[in-house]
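Comments concern the structure below.
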There are 2 protein chains.
Amino acid sequence: MPHGYFDQHQHSDINELADVIGELLQNPVTIEDMDHRLLAYSSHSESTDQARWSTIMGRRVPEKVLTRLWKDGVFQHLFSQVDPVHIPEKVEIGLGQRVAIAIRRGSDILGYIWAQEVNRPLTSEDDEILRQAAKAAVPLFLQRQGKRKAEEGRRKEFLWELLLGSHRDESLLLQKAAKLQMEIPPPFLISVVDITEPQGEQLTQLLYPLLMRDKVYNVTDGSQVILLICSRKGGQCNDGTLLQLVDQFMEEAFSKIVDKFGEENVFVGCGRPVQTLTDSRQSYQEALQMVQVKRQFPRETRHLIHYNKLGLYRMLAHMHLINDAQGYTNEGLGKLLAYDRENQTNLMETLEVFLDHVGKVNVTASQLHIHINTLSYRLKRIEEITGYNLDDPNDRFSLYADLKLLKI
Amino acid sequence: MPHGYFDQHQHSDINELADVIGELLQNPVTIEDMDHRLLAYSSHSESTDQARWSTIMGRRVPEKVLTRLWKDGVFQHLFSQVDPVHIPEKVEIGLGQRVAIAIRRGSDILGYIWAQEVNRPLTSEDDEILRQAAKAAVPLFLQRQGKRKAEEGRRKEFLWELLLGSHRDESLLLQKAAKLQMEIPPPFLISVVDITEPQGEQLTQLLYPLLMRDKVYNVTDGSQVILLICSRKGGQCNDGTLLQLVDQFMEEAFSKIVDKFGEENVFVGCGRPVQTLTDSRQSYQEALQMVQVKRQFPRETRHLIHYNKLGLYRMLAHMHLINDAQGYTNEGLGKLLAYDRENQTNLMETLEVFLDHVGKVNVTASQLHIHINTLSYRLKRIEEITGYNLDDPNDRFSLYADLKLLKI
DNA sequence: GGCGTATTTGTGAAAATTCACAAATTAGTC
DNA sequence: GACTAATTTGTGAATTTTCACAAATACGCC
């Protein structure tokens, strides 16, 4: 019957626990939460490896190490079993030989304990120590989680306040943010991720690793997840680098979500970068507008992420209103539509594909599965019927805009 | 000393005068105003030619006859001399041999008297009769002109009312129009002709023959002439045929004006066709907007006449407002502008010419007098600097629109 | 002056576009 | 079924576009 290593006292401090484990194993120990942020590390040992050093300095496991361990299937092991996992040395990422165990409650993983093997190799006896250590850590994690939950609630409340309120007093908002320990160095922006079918909560879970890695705050609203994104290193970040960062973030996030839900169900939009918390609302509105536009024009706006590059689609709603007010209709397109209806042709589609491919005939023809001469014939026909000249930039613009407007 | 043929009585009626001349000359006589509208014709004679017959039936000299007489220099003769002009037969236009004289007061020409030579040839004695007849006609013309002036004044007043007032009661307007004998069968439209330098009055004079031929009412406002244009045959005219008619009218008018003042000084715009007098204002506003836009974008809108085909330029002012309100700027173009400034390049111009020629590289290159590979290099550079993709329709339209917006 | 970078021009080959013309196909009408 | 008109596809040649690569030129900087 095994010894009860952690029976004597309830550990009130997680660092204390780390020290106790370290002493028992006679090796350096670190404890991380589920997002690999450093929670505690044993203090007594002097010798360590590059990976542990970086983790402590950065208060988080380096990305490089994490991705490598993912690739090597270490985490998959940790997820699927209760026992410690022995990991051989991986020189390329500065990771010495070590043992890891997941801290779990039921099927949930709360965090990890890592033990190096620098002073002595770890035996199966040590595995038992780690098993018990993982159990002993659970109450500490739950306690921590409780605090965090409450704080998260207040943070989310504040985020909604930023998104919806129309504020005047920037300094008041800054104070609130500071009280909630939310660092939001400008510039930042608001992004909306909208999924047709699943609940936002599921989405958040999916994105969780990403949300943690970059400086992102989030709230959920029905099928939407709303993100506030800023750079970790505030000072050196201008609008351009923020957009780059978001691009990168979205690329990863998007592929994850699309894998799960299918591209046609996912809509992502970002408002413009803003400098003040007061302007959060503006950025949020823009992100919302983007999502709406992308639902209406999924194909045309598929590759768009940033509000500033919405181009025509930024104007479309306004143009629709103006046209309504003026009683404007594009007579050429009207005639074309009538012609299509009367003759069961599809000149309208032909025109749209043509315009969507900036007038490249071979691309258009192959897209429509027609002979290139057929296309050329149809285009001539379209010019005759509409009275527009496809070689005139303004006529092209009119047709493109009015064509898209017809879809509203 | 010559006989005073018309001394005995003041002719109160112009038809009476025509009959007296006809009897003296023993030949058919017609009297026309300066615009060749029939005012009177002698009644006694039975034999006549095709030209006279058409003139009487159409209450105006046929266009065919007029243009031929212009070409043959007959009118030039009539303008430059006080004596009658003898005109040989012109079979092709059904014009028999005749004599014509201008009715003048000082240097102004008020109208014409025509005498055919069907019953007997006209001698120099008859020329004297015509000279005296022309003199005798002057008071009748002045009297007529006086009436017309007053009526014209009331008509112009009414036109301004249509253009500027915001009316509710269509039937009231119709009544007024009827009282002024202004037939305005719908559809009609308002057009504005704007000349940079000369006074509108001069312009009206230049256009006078055209104004008379088609159903056009006009008023002058500073450097602008405002026209209300409708079809003579109201019932059969729909919007499309009206636009065609206007095209034709403008083609002729435009060439006349451009010949005189140079293309860069002339701006013509037409509002949309409307069905009710109440809507005149709308059409007028559109015509005004067109003229304004054409001043701002003379090259781009040179060939545009109808409001409905303004395309992008119809939206530009609105878009400008929206952008201002949103604080939107096209960052790509901003970068390009900065780049041009720092490196004394002209990528901006390159881009504009490229877009103005719907992406045809050879046209663009020749327009810019550069090698085609230079152009291709610059375009690649433009894409790099702006971050826009010239093969993306939305990007293209954004650049096109925002480029033109920069000029406002 | 020399150096490196940005820009322009040249060459040539593959691919795409334009155009005219002919043949085949389709659809509607009598 | 035969006829007509509209549409589609095919062929071929002249022109244009695209692309890669090399050489020449321009410009700022040390």
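The chains referred to below are lettered A, B, ... by the order of the sequence lines, with proteins before strands, and numbering in each begins at 1. Heavy-atom basis, side chains included; hydrogens, waters and symmetry copies ignored.
Between Glu383(B) atom CD and dC19(D) atom P there is a gap of 10 Å when expressed in whole angstrom units. Rounding to whole angstrom units, CD of residue Glu384(B) and C1' of dT7(C) are separated by 13 Å. Atom C1' of nucleotide dT17(C) and atom CG of Leu379(A) are separated by 12 Å, given to the nearest angstrom. Atom NE2 in His369(B) sits roughly 15 Å away from atom P in dT8(C) (whole-Å rounding). We find that NE2 of His371(A) is positioned 13 Å from C1' of dT18(C), with the value rounded to whole Å. The interatomic distance linking Asp391(A) (CG) with dT18(C) (P) rounds to 8 Å, in whole Å. At whole-Å resolution of the value, NZ in Lys380(A) and C1' in dT17(C) are 15 Å apart.
Rounded to the nearest 0.5 angstrom, Leu355(B) CG and Glu300(B) CD are separated by 11.0 Å.
Closest approach of Cys270(B) and Met250(B) over heavy atoms only: SG-CE, 4.1 Å.
For Tyr377(B), no side-chain nitrogen or oxygen approaches OP1 or OP2 of dT8(C) to under 4.0 Å. OP1 or OP2 of dT9(D) has at least one side-chain nitrogen or oxygen of Thr374(A) nearer than 4.0 Å. One finds no side-chain N or O of Arg381(A) lying less than 4.0 angstrom from the OP1 or OP2 phosphate oxygen of dA6(D). Remark: Arg378(B) is not in phosphate contact with dT7(C), judged by side-chain N or O atoms under 4.0 Å from OP1 or OP2.
Among the protein residues, Asn362(B) comes within range of the sugar-phosphate backbone only, with heavy atoms under 4.0 Å from sugar or phosphate atoms but none that close to a base.
Nearest nucleotide to the Ile372(A) side chain, out of dT17(D), dT9(C), dT17(C): dT17(C).
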Asn323(A) vs Thr329(A), side chain to side chain contact (heavy atoms under 4.5 Å, CB included): CA-CA, chis, key distance, verdict: CA-CA 7 Å; Asn323(A) 286 349; Thr329(A) 53; over 6 Å; no

Full working for side-chain hydrogen bond (donor to acceptor under 3.5 Å, both in side chains) between Tyr307(B) and Gln326(A): CA-CA 11 Å; Tyr307(B) 184 79; Gln326(A) 286 191 349; 3.0 Å; yes

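Within 6.0 Å of CD on Gln275(A) lie more than 12 heavy atoms contributed by other residues, nucleotides or ligands.
Relative to the ring axis of Tyr388(B), Arg396(B) does not place its NZ or CZ within 45° and under 6.0 Å from the centre.
Interface residues of residues 336-360 of chain A facing DNA chain D, ordered by number: Tyr339(A), Lys360(A); criterion, heavy-atom separation under 4.0 Å.
Between the base of dT18(C) and the side chain of Asn373(A) there is no donor-acceptor pair shorter than 3.5 Å.
Between Phe297(A) and Tyr313(A), the angle of the ring planes lies from 30° to 60°, which puts this pair in the tilted group.
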